[in-house]
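Please read the structure below before turning to the comments.
Only a predicted model underlies this, so the values are computations on that prediction, with no experimental measurement involved. Side chains included, hydrogens not; waters and symmetry mates left out as well; all remaining heavy atoms used.
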Amino acid sequence: MPQADYCQQQQLNAKTFAARLCEYRRVQPALPPPPAFIPVQVDTAALTPLVLRHAGGHRLELPPGVSAAWLAELWRCLG
C-alpha cells in the first residue's frame with residue numbers, strides 16, 4: 001500500500017509520517033544480509049524405504065537409493 005494511501009486511511013499527515021519514518025530508519029540498525037545458500041548433501045541411507053502396496057495385499061519395500069530407471073523397468077515388466 002502506498003504511504004499516501006496508508007496515511008489517508010489512518011488519518012495521518014503524510015509529511016509528518018514520512019519524516020518520522022525517515023528518523024526511525026536512521027536510528028534502526030541495518031538488517032543483516034539474508035543467509036546465503038548452503039550446499040547440502042543428502043544421505044540416502046538415512047531416508048525411509050519406498051513401499052509399494054498392491055490392492056491384493058502384496059507389499060514391495062525398496063531401499064531409499066533405488067534407481068528410477070530400475071523402477072521404471074520393473075513397472076514395464078509387471079505391466
Side-chain angles (χ1 to χ4, degrees):
M1 172 182 292
Q3 280 185 21
D5 294 345
Y6 176 80
C7 290
Q8 185 178 11
Q9 180 186 30
Q10 301 298 319
Q11 299 177 357
L12 300 170
N13 180 295
K15 289 183 180 181
T16 303
F17 179 81
R20 298 295 180 258
L21 181 59
C22 186
E23 288 174 17
Y24 172 79
R25 288 179 176 162
R26 194 171 38 244
V27 173
Q28 291 300 309
L31 294 176
F37 286 101
I38 300 170
V40 175
Q41 291 182 347
V42 178
D43 181 9
T44 57
L47 299 176
T48 57
L50 174 65
V51 179
L52 304 174
R53 291 184 178 90
H54 185 270
H58 301 288
R59 180 175 182 254
L60 177 61
E61 187 171 322
L62 301 169
V66 69
S67 161
W70 181 87
L71 189 54
E73 183 63 28
L74 176 66
W75 282 117
R76 277 193 288 278
C77 290
L78 294 175

Quiz prompt | side-chain hydrogen bond (donor to acceptor under 3.5 Å, both in side chains) against Arg59, all qualifying residues, sequence neighbours excluded | solution = Glu61
Exercise. Could I get the full list of side-chain hydrogen bond (donor to acceptor under 3.5 Å, both in side chains) partners for Gln8, not counting sequence neighbours?
Key: none
Quiz item: Going hydrophobic residue to hydrophobic residue with side-chain gaps under 4.5 angstrom, can you get from Trp70 over to Leu52?
Solution: yes
Quiz item: Does one hydrophobic cluster hold both Leu21 and Val27, with members joined at side-chain heavy-atom distances below 4.5 Å?
Solution: no
Quiz item: If you look at every heavy atom in Ala14 and Cys7, which pair is closest and at what distance?
Solution: CA-SG, 3.8 Å
Practice problem: Please lay out, stage by stage, how Arg20 and Glu23 fare under the test side chain to side chain contact (heavy atoms under 4.5 Å, CB included). | Solution: CA-CA 5 Å; Arg20 298 295 180 258; Glu23 288 174 17; 3.5 Å; yes
Exercise. May I have all residue pairs that pass ring pair (Phe, Tyr, Trp, His ring centres under 6.0 Å) and include part of residues 1-22, sequence neighbours excluded?
Key: Tyr6-Phe17
Practice problem: Report the distance from atom CD of Gln10 to atom CG of Asp5, rounding to the nearest 0.5 Å. | Solution: 11.5 Å
